[in-house]
Amino acid sequence: MALHRGRGFAAINYPIGMNLGGDPSQALVHSNPDGKFTVALSAIDLGQGMKSVTRQIAAETLGVPVEDVYVDTADSDTGPHDMGSFASRGTHRVGNAVMRAAEEARAVMLEAAAEELEVDAADLVTDGKGNIHVKGAPSRSITTMAAAQAAQFRQGRTIAGRGIFLIPLSEVDAETGEMTPVSTFAHAAMIVEVEVDDETGEVSVLDVKSAYEVGRALNPKLVEQQLRGGAWMGMSHAAWETTEPYYPARDHGPVDFNHYLMPGMGDLAPHHISVLERPAADGPFGGKGPGEMCANPVLPAVVNAVYEAVGVRIDDLPVTPEKVLRGLRAQGGAKPKKRL
Amino acid sequence: MAKKPVTFTLNGRESAAFAEEGQNLLDFLRRSVGDLSPKYGCGQGGCGGCTVLIDGEPHLSCLTLAEAAAGRKVETASGLATGPVLHRLQEAFMERFAAQCGFCTPGMLVSAKALLDRNPRPTREEVIEALSGNLCRCTGYEPIIEAVLDAAGERARA
Ligand code: FES
Ligand code: FES
């Protein structure tokens, strides 16, 4: 009875967004009389940071401080239409829509400021701190709040913008089968090290090294945290989580959360992450989306590592102790493969 | 169904509400008292989302009868901040990006507070041990561990 170590490798390409009847997102941006901006979306933030990222994108495009932007994702009944937060599409699709809406709102904001300053809107720039001034003449300046108030109360102008980003449905060519389902791919490569106990069949993940290519990391700390959490979830899918763990008959199977296994704090493997930034040509400020692909490479890498450790090739997830033990029995014990 | 008045201290304030017979403390706090910070994750003692402190000790409120709180001091995540001033654990969670969806966060904070109250300078292993009953779906735990260690470090310096 022994513990066997193995290393496994996996590399993935991951498409951003989906191709079911077209993949649109919409955004609406408007200024309030205090010179702050509201971004209305129907895609929601479920912890991945979409509110933070769309807020940054709106602020950067409008040329106002990030504190002056509020992102409202409250209600899909009242917000502009969106396909939703899934398919790793948030940063790319929603971000692009927000950027377009903010560009349109910015143009009106500059027109309002131009009217107040009695200059041409094309000569105006924003300083990102809440001021609009004439290019090269910072003293010819007006605050975004004053411009918003002038628009609201004197000029009768709506500082607002609409944005939509649509990747249209790609039909399959009946002759060739050719199609273009997605415009952008993210990438990842990973090496994991596991230890397999040939007596109990248990697999522990000891170490994870990864490189993720996510386009421009619009919020590097959020990206890193999403990769870390997502890779943990991948590890969980690889070796723990299943609703059908090992019972031959369904009646004996699990019925509640107490039987649904997830790794806890004590099962963490150190994860060394490298983020590679290759800005996407059609992404907002080059962003793609770490989304689901943070979990994906972990599963094949763990399976490959188990194969290297004991020679058992598992093709049905997760890698439960029972499957490892059955595999070991079938081949007459651990047969480690040569190391990479 | 018979209702019983339960008088207790919630986050330092005298509180009273009616508990239904057999009602658990989680349901009592959320529905009868109106403190929504303890979360209903599993209702079975498996996730730690409902963790509250009773007389300083962490308890799973989904497995505790409401009446057990009578005359005791109950603390929840909503009592951590003092007015607008966040508890150092909350600050550290923010700094470390230790909340993603945030559903586990109140339970994590409360379990971590119990740890730091009895052991101001925990090791990494002690943090893991103290929080091992709290599940998180999003973060991969690492930033939570780091945040608790950060908060402990601050206390040691202060
Ligand atoms: S709700 Fe109490 S432990 Fe999950
Ligand atoms: S932050 Fe989502 S469960 Fe922990």
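Just so you know, these numbers come straight off a predicted model, no measurement behind them. Lettering of chains follows the sequences in order, A, B, ..., and the numbering in each one begins at 1.
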A.B. asks: Is the count of non-hydrogen atoms from other residues, nucleotides or ligands lying under 6.0 Å from A:Glu322 atom CD greater than 12?
C.D. replies: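 It does: A:Glu322 CD has more than 12 such atoms within range.
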
A.B. asks: Hey, is CZ on A:Phe86 packed in by over 12 heavy atoms from elsewhere, all under 6.0 Å?
C.D. replies: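 Yes.
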
A.B. asks: Would you check, one step at a time, whether the test salt bridge (Lys or Arg N to Asp or Glu O under 4.0 Å) holds for B:Glu146 with A:Arg228?
C.D. replies: CA-CA 13 Å; B:Glu146 294 293 331; A:Arg228 195 171 291 291; over 6 Å; no

A.B. asks: Is it the case that the side chain of A:Gln225 and the backbone of B:Thr139 share a donor-acceptor pair, with hydrogens and angles ignored and the cut-off at 3.5 Å?
C.D. replies: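 Confirmed, A:Gln225 side chain pairs with B:Thr139 backbone.
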
A.B. asks: Is it the backbone or the side chain of A:Pro270 that comes under 4.5 Å from a heavy atom of chain B, or both, or neither?
C.D. replies: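 Interface part for A:Pro270: neither.
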
A.B. asks: Shorter than 4.5 Å, heavy atoms on both sides: which option in A:Asp45, A:Asp256, A:Asp267, A:Leu46 has the most such pairs with chain B?
C.D. replies: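 Option with the greatest count: A:Asp256.
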
A.B. asks: Around atom CD of B:Glu95, are there more than 12 heavy atoms from other residues, nucleotides or ligands closer than 6.0 Å?
C.D. replies: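 Counting other residues, nucleotides and ligands, CD of B:Glu95 stays at 12 neighbours or fewer.
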
A.B. asks: Find the one option among B:Cys138, B:Ala98, B:Gly41, B:Gly140 whose heavy-atom pairs under 4.5 Å with chain A are most numerous.
C.D. replies: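 It is B:Gly140.
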
A.B. asks: Ignoring hydrogens, what is the shortest heavy-atom contact between B:Cys42 and A:Phe257? Give both atom names and the distance.
C.D. replies: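 In terms of heavy atoms, the two residues are closest at CB-CD1, 3.9 Å.
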
A.B. asks: Take atom CZ of B:Arg13 as the centre, draw a 6.0 Å sphere, and report whether it contains more than 12 heavy atoms from other residues, nucleotides or ligands.
C.D. replies: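 No, the 6.0 Å shell around CZ holds no more than 12 heavy atoms from other groups.
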
A.B. asks: Specify which of B:Cys136, B:Gly133, B:Gly43, B:Gly102 makes the most heavy-atom pairs with chain A at under 4.5 Å.
C.D. replies: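 Top count of heavy-atom pairs under 4.5 Å with chain A: B:Cys136.
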
A.B. asks: Flag the pair A:Met265 / B:Ile144 as yes when at least one side-chain heavy-atom distance between them is below 4.5 Å, and no otherwise.
C.D. replies: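 Answer yes - side chains close enough.
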
A.B. asks: Would you say NZ of B:Lys73 has more than 12 non-hydrogen atoms from neighbouring residues, nucleotides or ligands within 6.0 angstrom?
C.D. replies: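 Counting neighbours around NZ of B:Lys73, 12 or fewer heavy atoms of other residues, nucleotides or ligands fall under 6.0 Å, so no.
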
A.B. asks: Given that the side chain runs from C-beta out, which part of A:Leu268 has a heavy atom under 4.5 Å from chain B: side chain, backbone, both or neither?
C.D. replies: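 For A:Leu268, the side chain is the part near chain B, not the backbone.
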
A.B. asks: Which answer fits B:Cys47, side chain, backbone, both or neither, if we ask what part of it has an atom under 4.5 Å from a heavy atom of chain A?
C.D. replies: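 For B:Cys47, there is no contact with chain A at all, as no heavy atom is under 4.5 Å.
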
A.B. asks: Mark yes when over 12 heavy atoms from residues, nucleotides or ligands other than B:Glu126 sit less than 6.0 Å from its CD; otherwise mark no.
C.D. replies: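 Enclosed.
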
A.B. asks: Got a donor-acceptor contact below 3.5 angstrom from the A:Gln48 side chain to the B:Gln100 backbone?
C.D. replies: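 Between the backbone of B:Gln100 and the side chain of A:Gln48 there is no qualifying donor-acceptor contact (under 3.5 Å).
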
A.B. asks: Which heavy atom of A:Met233 sits nearest a heavy atom of B:Arg137, and at what distance?
C.D. replies: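 It is CE-O, 3.3 Å.
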
